[in-house]
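One structure, as structure tokens, below. Some questions next.
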Amino acid sequence: MLGAPGAGKGTQAKMLAVKYSIPHISTGDIFRANIKNGTELGKKAKAFMDQGLLVPDELTCDLVVDRIAQEDCKNGYILDGFPRTIPQAEALDAALKIMGTAIDYAINVDVPDENIVNRMGGRRACVGCGATYHIVYNTPKTADICDACGEKLILRDDDQPETVQKRLTVYHDQTQPLIDYYEKAGVLRTVDGTVDMEDVFAAIVKILGE
Ligand code: ADP
Ligand code: ADP
Ligand code: ZN
């Protein structure tokens, strides 16, 4: 899943994982779990995430490659938020080549910057299970409480407006070039991410197949 921060990658990836019964691999979720558990990786990653910067490639690539090599990924998987730089994409391609596989599709969820600030400002994340909601577009049954696990919902530190601007700049500089990269590889498919979640989902399923 490619797209700006807040484009809806995670929302779609979770639904796709259920539909196709394959793992949803989110590097953001992996880093947040490490922060919560106070690991060495978590400490290192947090310093970058809090500033709206990307975690360095050397802390990111091996982690994903190890995850993809696990048994539950043998029928496929959805990468959400990885790769985010050209070197990450190259490292992924190299690792997949050794494994004798390749990326089938790079789904670009297209949302203009104007909509992003609104999306991120309204996003609420569960401190327990990481589920995401939106105060207008995807509300929990009880305000500020997770439907799935009953824990509290918060505005992520890096979803504060100043950090969102920084993350958008980082996206345009470092991640957007991947659109060209996957276009050249012949696997890019772009969907309009500004429509309702269910309609974005239907557009992606149309590409991936029933
Ligand atoms: P969003 O869902 O808003 O796109 P993520 O949860 O994917 O945000 O990522 C949160 C933060 O984690 C990023 O701003 C970045 O600091 C870090 N991060 C996540 N994935 C990567 C990656 N592939 N490379 C580098 N940093 C990453
Ligand atoms: P990403 O993983 O790309 O950062 P998320 O999936 O977390 O994005 O979505 C960002 C915010 O926007 C969340 O609050 C989510 O509920 C909301 N959202 C996602 N898709 C849509 C959509 N199609 N329309 C309106 N809001 C959406
Ligand atoms: Zn929860």
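Counting convention: from 1, in listed order, for ligands and their atoms alike. Values below: all heavy atoms of this structure, side chains included; hydrogens, waters and symmetry mates excluded.
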Checklist entry - Between Val200 and ligand 2, is there a nitrogen or oxygen pair with a distance under 3.5 Å? => result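 No - when backbone and side-chain N and O of Val200 are compared with those of ligand 2, no distance drops under 3.5 Å.
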
Item to check | Closest approach of any protein heavy atom to atom 27 (C) of ligand 1, naming residue and atom | outcome: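 Answer, as residue, atom name and distance: Phe31 CE1, 3.7 Å.
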
Next on the checklist: Test your reading of the structure: does Tyr133 have an N or O sitting under 3.5 Å from an N or O of ligand 2?
Outcome noted: yes

Checklist outcome for this item: Filtering Glu198, His134, Met197 for the heavy atom nearest atom 18 (N) of ligand 2 leaves Met197

Checklist entry - Which is it for Thr60 and ligand 1 at heavy atoms under 4.0 Å: side chain, backbone, both or neither? => result side chain

Checklist entry - Under a 4.0 Å heavy-atom limit, does Asp196 contact ligand 2 with its side chain, its backbone, both, or neither? => result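 The answer is the backbone.
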
Checklist entry - Using a heavy-atom cut-off of under 4.0 Å, does the side chain or the backbone of Arg156 touch ligand 1, or both, or neither? => result side chain

Item to check | Test item: side-chain donor near acceptor, Asn37 and Thr39, under 3.5 Å | outcome: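 Note: Asn37 and Thr39 side chains miss the donor-acceptor criterion.
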
Checklist entry - To which of Lys166, Gln51, Met49, Gln174 does the heavy atom nearest atom 12 (O) of ligand 1 belong? => result Met49

Checklist entry - Does atom NZ of Lys14 have more than 12 heavy-atom neighbours from other groups under 6.0 Å away? => result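 More than 12 within 6.0 Å, yes.
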
Item to check | With Arg123, the side-chain hydrogen bond (donor to acceptor under 3.5 Å, both in side chains) member among Thr132, Asp159, Thr11 | outcome: Asp159

Checklist entry - Given the rule that I, L, V, M, F, W and Y join up when any side-chain heavy atoms are under 4.5 Å apart, are Leu92 and Ile107 in one cluster? => result no

Next on the checklist: Could you identify the single nearest non-hydrogen protein atom to atom 20 (N) of ligand 1 and state the distance to 0.1 Å?
Outcome noted: Thr27 OG1, 2.7 Å

Checklist entry - Near Lys206 NZ, under 6.0 Å, is it more than 12 heavy atoms from other residues, nucleotides or ligands? => result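 Counting neighbours around NZ of Lys206, 12 or fewer heavy atoms of other residues, nucleotides or ligands fall under 6.0 Å, so no.
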
Checklist entry - Any idea which protein heavy atom is nearest atom 11 (C) of ligand 2, and the distance to it? => result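 Checking every protein heavy atom, the shortest distance to atom 11 (C) of ligand 2 gives Arg119 O, 3.7 Å.
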
Checklist entry - Of the protein's non-hydrogen atoms, which lies at the shortest distance from atom 23 (N) of ligand 1, and what is that distance? => result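 Here the nearest protein heavy atom works out to Gly81 O, 2.9 Å.
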
Checklist outcome for this item: ligand 2 atoms nearer than 4.0 angstrom to some heavy atom of Tyr137 are 25 (C), 26 (N)

Item to check | Identity of the nearest option to atom 8 (O) of ligand 2, non-hydrogen atoms only, from Gly193, Gly130, Gly8, Ser26 | outcome: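 It is Gly8 whose heavy atom sits nearest to atom 8 (O) of ligand 2.
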
Item to check | atom 16 (O) of ligand 1 - nearest protein heavy atom and its distance | outcome: Leu53 O, 2.7 Å

Item to check | N/O separation below 3.5 Å, Thr11 to ligand 2 | outcome: yes

Next on the checklist: At under 4.0 Å between heavy atoms, is it the side chain or the backbone of Ala13 that contacts ligand 2, or both, or neither?
Outcome noted: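 For Ala13, no heavy atom sits under 4.0 Å from ligand 2.
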
Item to check | Backbone N/O of Arg84 and side chain of Gln88: donor-acceptor pair under 3.5 Å | outcome: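 Checked: pair present.
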
Next on the checklist: I want to know if ligand 1 touches Val55 in the polar sense, i.e. an N/O pair below 3.5 angstrom.
Outcome noted: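 So ligand 1 has an N or O lying under 3.5 Å from an N or O of Val55.
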
Next on the checklist: Tell me whether Phe48 reaches ligand 1 (any heavy atom closer than 4.0 angstrom to a ligand atom).
Outcome noted: no

Item to check | Sub-3.5 Å N/O-N/O distance, Gln88 and ligand 1 | outcome: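 Yes, since at least one N or O of Gln88 sits under 3.5 Å from an N or O of ligand 1.
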
Checklist entry - Touching ligand 2 at all, Gly6? Heavy atoms, strictly under 4.0 Å? => result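 So Gly6 counts as touching ligand 2.
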
Item to check | Angle subtended at the Zn ion (ligand 3) by SG of Cys129 and SG of Cys126, nearest 10° | outcome: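 Reported to 10°, the angle equals 110°.
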
Next on the checklist: Below a 4.0 angstrom heavy-atom separation, can you tell me which part of Val195, side chain or backbone, both or neither, approaches ligand 2?
Outcome noted: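 Looking at Val195 and ligand 2, just backbone atoms fall under 4.0 Å.
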
Checklist entry - What about Asp158: any of its N or O atoms under 3.5 Å from an N or O on ligand 1? => result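 No - when backbone and side-chain N and O of Asp158 are compared with those of ligand 1, no distance drops under 3.5 Å.
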
Next on the checklist: For ligand 1 and Arg123, I'd like to know whether there is a polar contact (N/O to N/O, distance under 3.5 Å).
Outcome noted: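 Yes; at least one N/O pair falls below 3.5 Å.
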
Checklist entry - Which of the numbered atoms in ligand 2 are below 4.0 angstrom from a heavy atom of Gly10? => result 1 (P), 2 (O), 6 (O)

Item to check | Salt-bridge criterion met for Arg167 and Asp158 (N-O under 4.0 Å) | outcome: yes

Checklist entry - For atom 6 (O) of ligand 1, which candidate among Arg32, Arg84, Arg167 holds the nearest heavy atom? => result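 Closest candidate by heavy-atom distance is Arg32.
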
Item to check | Any N/O pair Lys9/ligand 2 closer than 3.5 Å | outcome: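 Yes: some nitrogen or oxygen of Lys9 is under 3.5 Å from one in ligand 2.
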
Checklist entry - If you round to the nearest 0.5 Å, how far is CG of Asp57 from CD of Gln174? => result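 Taking CD in Gln174 and CG in Asp57, the distance rounds to 8.0 Å.
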
